[in-house]
Amino acid sequence: MRDFSKIKRIVVKLGTNTLSKAGRVDTAYVGRIAKQVSSLIKDKREVLIITSGAIGMGAGVLKRKSKVTDTKLLQACAAIGQPLLMDEYRKAFGKCGVKVAQVLVTAEVLNNRKTYLNLKNSVEMLLKLGAVPVINENDSVSTDEIGTAFGDNDKLSALVASKVDAELLIMLSDVDGLYEKDPKKHSDATKINVVYEITSGVMKSAGGKGSEHAVGGMKTKLEAAKIASNAGCRMVLANGRERNVIKRIMAGAELGTVFMPKRKLSNRKRWILNSVSAGVINIDEGAMRAVGNRKSLLPSGIVSVNGKFEAGAVVMLNYKAKAVTNFSSVELKSLIGMHSSEIRKQLGQQRRDVVAIPEDIVLIDY
Ligand code: GLU
C-alpha cells in the first residue's frame, strides 16, 4: 500500500499527448485536472504543474499537420501556443476558485544559483498565496543550439521537483507505467509496481519515443525518475487518462509505477547535483575515498584540473561527485599537491584552506 497522506508539496507533469485530443488541447480534460488539483489545494497541499502543449497548440493555430522540427518555427509555435495554453488553465482553475500563475524557465535559469533562488522565492510566494504555478520551458528563448534548453519537460519536471523540494512528482503520460518489456511489442509484458533502484536493467525496459509534438519517451521518464529519486523525491508514472488519476494516486491507489527516493539531500546539495559542471578536478584515490567519507577536499589530493572556471563554480570530481570549488581553475593549478596550511600563504589569509567542504560535495552515485 502506498502512503502519500503526509505529502505536502507535489509536482504534476502533464505531457502533450495526455493534454490533447485530436491535435488540440482537451478543455474538458484540463477541467478534470483542475478539479482534482484544486481539491488538493483545499486540503492544504501545494501543487505545481509542469505543462507541455505550447508548441502543439501553436502548431495547431498555424495549421501545421506534421511534426515541426525547425528551431525558429518551434519557437514561434511556442510563443503563439503558450498564452492559449495558459488560458485553458486559467479558465479551468477559475471555475474552482483557484488562481494560476505562469512561470517560464530555461536550463540556464535553474543552473545559475542566483536566478534559481529568485525562481524559488517567487514559487514559494505563489504557493503561500494558494496559487498553482504552471511551469513550462521558455521555448522561445532557449534552444539546444545555445545549450539552454531542457528539450523535454520530463527532465524539467524532475529538476523543478528536486529544486523546490517537492516530495512527490506525478508524471502523467499516455503510458500505464513502466513494464519489464515493451507492452506495445509483447502482450505478456507485466507492469512494475515499485522501482527501488533505477539499474541498467531497468533502463533497458525503456521503449522508443513519443509521437507528434511530444518530445519525451520512456527513456526520458526514467532519466527524470533518476533525478527525482536522487533528490529524495518519489515519482509516480501513470496514465493521465485514468479516471480521477491524481486523486486516486494521492489516496494510495496502486496506479502506474512508483519510483522510490534514493536519499535525502539538503536544498543546497540538490542544487549542486542538478547544476551543469564548469570543469573537472581529477583527484587521487585517497582523496576520492575521503570525499566519499564526508571529508573536505584538500589540494594535496588533486592530480589535474580540466576546464576554466571561477571560485564558486560547480565542478566534477573525477566524474563521480560534484562540488562547489573555493578556488578558480587557475588557482587550483597553482595549488596542486600543496599542503592545506600553505594555501593561505599563497592566496591570502581571507581565503578558505580547503578546496571544497563536505556540505558542498555530493556524490553522483547513480
Ligand atoms: N515545452 C514544450 C511545449 O510546451 C513541450 C516539451 C515536451 O513535450 O516535453 O510544447
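As the structure lists them, so they are numbered: ligands from 1, and atoms in each ligand from 1.
Taking any N or O of Asp139, backbone or side chain, at least one lies under 3.5 Å from an N or O belonging to ligand 1. Ligand 1 has no nitrogen or oxygen under 3.5 angstrom from a nitrogen or oxygen of Lys13. In terms of N/O distances under 3.5 Å, ligand 1 is approached by Asn153. Residue Gly56 has no N or O atom closer than 3.5 Å to an N or O atom of ligand 1.
Exactly one of Thr115, Leu110, Val109 qualifies for a side chain to side chain contact (heavy atoms under 4.5 Å, CB included) with Asn112. That residue is Thr115. Partner of Arg241 under the side chain to side chain donor-acceptor pair (under 3.5 Å) criterion, chosen from Asp26, Asp174, Asp176: Asp26.
Arg234 contributes no side-chain N or O that, together with a main-chain N or O of Glu167, makes up a donor-acceptor pair within less than 3.5 Å. Between the side chain of Glu46 and the backbone N or O of Leu127, no donor-acceptor pair lies under 3.5 Å.
Neither side chain, Ser340 nor Asp353, offers a donor N or O lying under 3.5 Å from an acceptor on the other.
Contact atoms of ligand 1 toward Ser52: 4 (O), 5 (C), 7 (C), 8 (O), 9 (O) (distance under 4.0 Å to a heavy atom of the residue). If you number the atoms of ligand 1 from 1 as listed, the ones under 4.0 Å from a heavy atom of Thr16 come out as 8 (O). Counting atoms of ligand 1 from 1 in the listed order, those under 4.0 Å from a heavy atom of Asp152 are 9 (O). The Ala54 neighbourhood of ligand 1 comprises atoms 3 (C), 4 (O), 10 (O), with distances under 4.0 Å to a heavy atom of that residue.
Comparing heavy-atom distances from atom 4 (O) of ligand 1 across Thr51, Asn136, Val68 singles out Asn136 as nearest.
Under the 4.0 angstrom criterion for non-hydrogen atoms, Gly53 is in contact with ligand 1.
With salt bridges taken as basic N to acidic carboxylate O contacts below 4.0 Å, one links Asp165 and Arg270.
Atom NZ of residue Lys322 and atom CG of residue Leu273 lie 6.0 Å apart, to the nearest 0.5 angstrom.
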